[in-house]
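The structure appears below as C-alpha cells.
The structure displayed is predicted, hence computed values, not measured ones. Quick note on labels: first sequence line is chain A, next is B, and so on, each numbered from 1.
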Amino acid sequence: MPDPETDPISVRLSKLVELERIGIDPYPSSWGVTDLAADLLEAFQDDGPDIECRIAGRVVAIRRHGKTTFSHLADRSGRIQAYLRQDELGDSYDLVDHLDIGDFVGVAGHLFRTRTGEITVRVGEAALLAKALRPLPFGKLVESEDGDRTYHRVVDREFRYRQRYADLAVRPEARRVFERRSRIIRCLRNELERRGFLEVETPVLQPVYGGATARPFVTHHQTLGIPLYLRIADELYLKRCVVGGLERVYEVAKDFRNEGIDRFHSPEFTMLEFYQAYADYEDFMALAEELLVGLVGELTGGTEITYQGRTVDATPPWPRIGFLDALAERGVAIDDLSRSALAAEAKRHEVEISEQEREGKILEALFDHLVEPTLEGPVFVIDHPRATSPLAKAHSRDSRLVERFEAYLFGREWANAFSELNDPRDQRRRFEDQADLAATGDLEAPNVVDEDFLRALEYGMPPTAGMGIGIDRLVMFLTDQPSIRDVILFPALRPEDGRVTEGEDTDQPIVEDGVDL
RNA sequence: GGGCCUGUAACUCAAUCGGUAGAGUAUCGGCCUUUUAAGCCGAGAGUUGUGGGUUCGAGUCCCACCGGGCCCA
C-alpha cells in the first residue's frame, strides 16, 4: 500500500483538494492565451521595447528558491522560462506550493533576460488551468562518456502504445513522427488535388467486401437485419465513382483486415487509393515516381531515404522487373503455371503451401519468399500473372499476365496499381473463380459475387488506372520508425486487464451484435 | 501456430553461484529572492506480472497462465 504522504498521486490529489478549499478552481474554463513561447523568444530584443505577454502551457520544470521560483512552461511551439516572485505576486505566489510538473498553468507578465542570459517571463499574474493528478513518465538521468546528460524517456514499447498520451507528452520525437505523418498525407492530398482528383468518401460498412483478398471484420446491422463487413479496401466503390463520371477520385481510407499483427501489419490501417480515367498502369508508374520523389524532396530537400540504417535514392526512373522474370531469376521454372507445376516449384524451393491454395496464392508465396526480401528498391515489379490479380486488366501483349505493378522499398510493398479491369464479362468470370475459392474454404476470398459492382461495369467504365498506397508503411519509411505501431497513434493491443472475451475464435467469421446507440 | 527474449518503486535500471531487494530521477519535510531538468540536509516508497512447485532459503531454478518485443510460419 503506497504511503499517502508520499505517493505522487495521493499527494497531488490532496493539493487539489486544498486548492478547492481555499477557493481556487483547479479546472477553470479558459485563460485567453495571446502568445506562443517560440514567438516570444523570437520577438525579444535586449534594447527593444517592453513585451507584455500571456501564455499557457504544461509545467515541465520547477526550481523553487523559497520566495522565488523558476519554472519552464511548454506549449505547442516550444518552452519558455517563467520567473515568479513572492514580493510581486503576493498571495497568488502560494499557488507554487500546490504546483507539480505536468500541471497546466497560465502566466502573464513581461519579458526580460535573466542574469544567466535566458529570455524569461517575469510573471505578474499566474493561474492554475488544470491540475495533473498523475506524474508524467520522465526518465532516468544518464551521463554519456563525453559528459552529455540526457534523460531517458519512456522506452518501454508497451507503455508507449498503451499510453500514447503520456508518450506524446514526454517524447518530442514521438510528436514529430505524427506531425510528419500529417504532413505526408497533406502533401499527397495537395498533389492529387493539383492534378484534378476529387476527394470522396465511400462506405466503411459494406454488404459485400472486395477490392483485396483478406479476412474481414464482420458486424451486424440491427434494423436492416443484415451482416455488414468493415471494408478491406475501397477499390470497388471508387471505380463505381469513375463509372459515374467522377473521372479522377481519391480517398484516404481506413481499411480493416482481420489478420495477424506484426511490425508491418495492423488490423486497421490507412490506405490512399486513387483512380484516373483514360490512364493506364504505365502512366501510374510515372505518377508513383513523382509522388514519392516529391514527398522525399518536401521532407528532406533531397532524394535519399534512410530507413533503419539503409539508404536508397528515390530518383526516377526506377528499374522495372517482370513478376515472372523475377521468379525465374531466383531459379523458379515459369513455363508452366498450372497448379501442379507451381506446387512442385514451391516444394523444390522449400516454400510451404497448403493443399487448397491455388495458382495465384502459390505464385505470391514463391514471390514473397524468394524475391521480395531482395527488393531494396525503389523498384517496380510489373506484369503479374492473371491468377494473382482478379481486378486487373489483361495484359495487352500477353494474355497470361495483367497490367499491374507493385512498388517496393526496403523489401516491402508500399504501392500497388493496375490498369483496371473494365470488361464486365471478364470481371464476372474472375469473381466467380473467387467465389469458388471461398466455397472451398478460402477465408480471404470474397463470399459472394458483387453483382452491384458488375452492374456498374455494365454501364461502362472508361479505361482507368488505379493505385493504392499503404500510408502507414510509407510513413514508417519516411520517419525511420521500425514498427507500424510507431506511426499509428493508438495501435491495437490486447486488453490491458488480460480479459479475453470468451467465445469460440473459430475460423468462421463471428457475427456479433452491434450496440444500438 | 513455432522459436528466442522480456516483465523488479511513479520512470529508467541494478541485485555475483539461489543467501537481508538497491541507485538516479520523481515524491514528502527543512533551508534558500536570478535558477538552468539548481544546491544542501533529512525521510518515505516494493505482494519482484499472476498462480503453483523445488529448496533451510527464490527476483534468481522448474511448470502453467497473463502482458509485451523480436524472428520464423
Side-chain angles (χ1 to χ4, degrees), chain A residues 1-15 18 58-74 79-90 93 96-103 111-123 132-143 148-163 166-167 169-172 259-265 308 346 350-354 357 361 364-365 368-369 373 411 482-486 491-500 505 507:
Chain A
M1 180 88 88
D3 181 354
E5 295 294 314
T6 58
D7 171 60
I9 294 177
S10 307
V11 166
R12 287 167 182 240
L13 191 55
S14 56
K15 285 179 182 171
E18 174 64 13
R58 206 191 265 276
V59 174
V60 293
I62 309 176
R63 293 177 294 281
R64 298 197 53 191
H65 304 260
K67 298 185 179 62
T68 191
T69 296
F70 288 91
S71 176
H72 273 93
L73 300 191
R79 57 170 60 187
I80 191 167
Q81 182 168 255
Y83 177 51
L84 300 90
R85 294 170 60 101
Q86 189 178 48
D87 58 4
E88 292 178 5
L89 285 163
Y93 185 77
V96 173
D97 290 333
H98 303 93
L99 216 51
D100 290 294
I101 290 174
D103 291 349
L111 294 182
F112 77 112
R113 190 184 289 276
T114 64
R115 201 175 285 168
T116 50
E118 178 160 356
I119 298 164
T120 300
V121 182
R122 188 155 186 149
V123 177
L133 288 181
R134 200 176 278 273
L136 285 168
F138 288 99
K140 179 187 184 180
L141 180 69
V142 288
E143 224 161 316
D148 275 355
R149 302 204 311 167
T150 53
Y151 277 79
H152 271 297
R153 317 276 180 176
V154 179
V155 295
D156 181 67
R157 303 181 79 82
E158 182 180 0
F159 186 99
R160 289 185 187 176
Y161 302 151
R162 284 200 195 279
Q163 301 189 40
D167 181 37
V170 141
R171 289 173 54 238
E259 296 174 342
I261 299 177
D262 65 28
R263 221 152 56 79
F264 287 92
H265 295 87
Q308 303 291 290
E350 296 176 342
V351 173
E352 275 187 46
I353 55 163
S354 71
E357 280 183 357
K361 282 288 189 61
E364 281 167 1
D368 289 350
H369 281 86
S483 169
I484 196 168
R485 284 175 162 167
D486 297 315
L493 294 174
R494 281 199 170 78
E496 198 169 359
D497 56 18
R499 274 187 301 108
V500 177
D505 188 14
D507 277 349

Task: Gap between atoms CZ and P, on A:R162 and B:rG67 respectively (whole Å) - done: 9 Å
Task: Paired stretches of RNA chain B - 3 or more consecutive Watson-Crick or G-U pairs, each distance under 3.5 Å - done: B:1-7 with B:66-72, B:10-13 with B:22-25, B:27-31 with B:39-43, B:49-53 with B:61-65
- [ ] Ignoring backbone atoms, test whether A:K15 places a side-chain nitrogen or oxygen under 4.0 Å from the OP1 or OP2 oxygen of B:rC28.
- [x] yes
- [ ] Go through B:rC11, B:rU35, B:rU33 for me and flag the one nearest to the A:Y83 side chain.
- [x] B:rU33
Task: Short side-chain N/O contact from A:R12 to OP1 or OP2 of B:rU27, under 4.0 Å - done: no
TODO: Using the P atoms only, state how far B:rU54 lies from B:rG59, rounded to an integer number of Å.
DONE: 16 Å
Open item on the list: Whether A:R63 contacts B:rU35 is assessed here as follows: a side-chain N or O lying under 4.0 Å from the phosphate OP1 or OP2. Is that the case?
Closed with: no
TODO: Find the distance A:R64:CZ to B:rG39:C1' and express it as a whole number of Å.
DONE: 15 Å
Open item on the list: Considering every strand and a 4.0 Å limit on heavy-atom distances, what is the contact class for A:R113: base, sugar-phosphate, or nothing?
Closed with: nothing
Task: Integer angstrom distance from the P of B:rC61 to that of B:rU6 - done: 9 Å
TODO: Write down the distance separating the C1' atoms in B:rA45 and B:rA9, rounded off to the nearest Å.
DONE: 6 Å
Task: Span that lies between the P atom of B:rC65 and that of B:rU55, in whole angstrom - done: 24 Å
Open item on the list: At 4.0 Å (heavy atoms only), tell me whether A:Y93 reaches a base, stays on the sugar-phosphate, or touches nothing.
Closed with: nothing
Task: Heavy-atom donor-acceptor pair, A:S71 side chain to A:A61 backbone, under 3.5 Å - done: yes
Task: Spacing of the P atoms in B:rG52 and B:rG57 (rounded, Å) - done: 16 Å
- [ ] Remember a base hit wins even if backbone is also touched, and classify A:Q81 as base, sugar-phosphate or nothing at under 4.0 Å, heavy atoms.
- [x] base
Open item on the list: Can you check the distance between B:rC31 and B:rU20, where both ends of the measurement are the P atom (answer in whole Å)?
Closed with: 39 Å
Open item on the list: Taking B:rA15 as the reference, what is the distance to B:rA23 when you measure between their C1' atoms (whole Å, please)?
Closed with: 11 Å
- [ ] Please state how far atom CZ in A:R85 lies from atom P in B:rC32, giving the value in whole angstrom units.
- [x] 15 Å
Task: Side chain A:R122 and base B:rU34 donor-acceptor under 3.5 Å - done: yes
Open item on the list: Looking at B:rC72, I'd like to know if its phosphate oxygens (OP1 or OP2) sit under 4.0 Å from a side-chain N or O belonging to A:H369.
Closed with: no
TODO: Could you pick out which residue, A:D262 or A:S483, lies toward the 5' side of RNA chain B when each is mapped onto its nearest nucleotide?
DONE: A:S483
Task: Min side-chain heavy-atom separation A:H265-A:E259 under 4.5 Å - done: no
Open item on the list: Using whole Å, what does the distance between atom P of nucleotide B:rA73 and atom CD of A:E259 come to?
Closed with: 17 Å
Open item on the list: Donor-acceptor check, side chain of A:R263 to backbone of A:S483, threshold 3.5 angstrom: yes or no?
Closed with: no
TODO: Among the candidates B:rU27, B:rG68, B:rA37, find the nucleotide nearest to the side-chain atoms of A:L493.
DONE: B:rG68
Task: Any residue meeting side chain to side chain contact (heavy atoms under 4.5 Å, CB included) with A:E364, in chain and number order, not counting sequence neighbours - done: A:K361, A:T388
Task: Length of the line joining A:R134:CZ and B:rC11:C1', which is rounded to integer Å - done: 13 Å
Open item on the list: So, using salt bridge (Lys or Arg N to Asp or Glu O under 4.0 Å) as the criterion, who are the partners of A:R85 when residues are at least two apart?
Closed with: A:D87, A:E88
TODO: Give the nucleotide from the list B:rU33, B:rU35, B:rG67 with an atom nearest to the side chain of A:F70.
DONE: B:rU35
Task: No-H, no-angle donor-acceptor pair, A:T68 side chain to B:rU34 base, under 3.5 Å - done: no
TODO: Would you check if A:V121 and A:L111 make a side-chain contact, meaning some heavy-atom pair closer than 4.5 Å?
DONE: yes
Open item on the list: When you measure from the side chain of A:Y93 to the backbone of A:T68, do you find a donor-acceptor pair of N or O atoms at a distance under 3.5 Å?
Closed with: yes
TODO: Specify the separation, in whole Å, of atom CD of A:Q163 and atom P of B:rU12.
DONE: 10 Å
Task: Electrostatic pair A:D97-A:R64, nearest N-O below 4.0 angstrom - done: yes
Open item on the list: For A:I62 and A:K67, find the nucleotide of RNA chain B closest to each by heavy atoms; which residue's nucleotide sits nearer the 5' end?
Closed with: A:K67
Open item on the list: Give me the distance, rounded to whole Å, that separates B:rG30 from B:rC66 when you measure between the P atoms they each carry.
Closed with: 49 Å
Task: Residue-phosphate contact under 4.0 Å: A:R263 side-chain N/O, B:rC71 OP1/OP2 - done: yes
- [ ] For A:E352, report the nucleic acid contact type (base, sugar-phosphate, nothing); a contact means any heavy atom under 4.0 Å.
- [x] sugar-phosphate
Task: Proximity to the side chain of A:H65 - top-ranked nucleotide from B:rU35, B:rU27, B:rU34 - done: B:rU35
Task: Minimum heavy-atom distance between A:I9 and A:P135, given as atom pair plus value - done: CG1-CD, 4.0 Å
